[in-house]
S.K.: 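I have a structure I would like to understand better, so I am pasting it below and will then ask my questions one at a time.
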Amino acid sequence: MSSKSEPFTQSSSDDTLAKAIFTVNRHAKTATNPKYLYSLKKCALLKMIKEGKAEKKGLHFSRNPKNSRQQSDVLVSCGNYTFHMPPCKEDFNSLPHLGRLSDQTRNPRCSMGLSKAKHILESYTGMKEEHSKHKPPGQKKYTKPVFKPLGQSY
């Protein structure tokens with residue numbers, strides 16, 4: 001079989017998945033509807049943790065907590081990349097708290113397109129994006145004005 005049909009049998013598949021998660025996460029921050037991208041990232045990270053390809057390192061204080069409260073995120077290490085995801089109840093008991101996020105730690109650069117990254121993660125997790133058939137409000141199709149002859153009504 002070709003390497004295109006089975007991308008996760010290679011030894012570099014962990015790095016490919018990490019790059020795909022990094023790309024999806026970067027695009028989700030500026031997307032108009034980031035919900036699907038964040039859920040794809042979370043699902044991929046949880047599957048990688050389950051398979052032993054990624055590891056939960058600890059908890060960090062969130063930079064942008066909701067409602068001005070203190071909030072923590074789970075730090076997940078995956079190859080050369082680190083990501084944050086929402087914690088579950090067990091994480092507070094089992095993981096050490098690492099304090100504030102350091103500005104010195106950065107992920108390496110990656111040049112992967114969003115469509116390729118989504119395809120990699122969708123084939124890895126089995127998730128599919130559901131496209132809505134109706135357009136969001138405010139996006140109406142243009143209709144030409146109809147001019148009626150004087151004195152007639154339609």
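No experiment lies behind these values; they were computed from the predicted model shown.
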S.K.: Enter the distance from E55:CD to C78:SG here, rounded to the nearest 0.5 Å.
M.R.: 11.0 Å
S.K.: Of the options N80, T23, D15, which is the one that meets C110 in a side-chain contact (heavy atoms from CB on, under 4.5 Å)?
M.R.: T23
S.K.: Verify the neighbour count for atom NZ of K41: are there more than 12 heavy atoms of other residues, nucleotides or ligands below 6.0 Å?
M.R.: yes
S.K.: Working to the nearest 0.5 angstrom, can you tell me the gap between H27 NE2 and S115 OG?
M.R.: 9.0 Å
S.K.: Starting at CZ of F83, measure out to CG of L75 and round the result to the nearest 0.5 Å.
M.R.: 10.5 Å
S.K.: At what distance, to the nearest 0.5 angstrom, does NE2 of H84 lie from OG of S72?
M.R.: 9.5 Å
S.K.: As a quick check of understanding, evaluate side chain to side chain contact (heavy atoms under 4.5 Å, CB included) for Y36 and M127, giving each step before the final call.
M.R.: CA-CA 10 Å; Y36 174 71; M127 285 181 69; 3.9 Å; yes
S.K.: For residues S77 and T82, report the shortest heavy-atom separation together with the two atoms involved.
M.R.: CA-CG2, 4.3 Å
S.K.: Looking at every heavy atom in both C88 and F92, which two are closest together, and how far apart are they?
M.R.: O-CD1, 3.7 Å
S.K.: Is M112 reachable from Y38 through a run of hydrophobic residues whose side-chain heavy atoms are each under 4.5 Å from the next?
M.R.: no
S.K.: Which heavy-atom pair separates I120 from A20 by the least distance, and what is that distance?
M.R.: CG2-CB, 4.0 Å
S.K.: Please round to the nearest 0.5 Å and tell me the distance separating atom CE of M48 and atom CG of L17.
M.R.: 4.5 Å
S.K.: Could you walk me through whether K57 and V76 pass the side chain to side chain contact (heavy atoms under 4.5 Å, CB included) check?
M.R.: CA-CA 6 Å; K57 293 291 188 179; V76 179; over 6 Å; no
S.K.: Within the side chain of K47, is there an N or O that forms a donor-acceptor pair under 3.5 Å with the backbone of Y124?
M.R.: yes
S.K.: Under the rule for salt bridge (Lys or Arg N to Asp or Glu O under 4.0 Å), what residues qualify as partners of E51, not counting sequence neighbours?
M.R.: K53
S.K.: Taking all non-hydrogen atoms of both residues, which atom of L114 and which atom of L37 are closest, and how far apart?
M.R.: CD1-CD2, 4.4 Å
S.K.: Nearest 0.5 Å, what's the CG-CG distance between D73 and L59?
M.R.: 8.5 Å
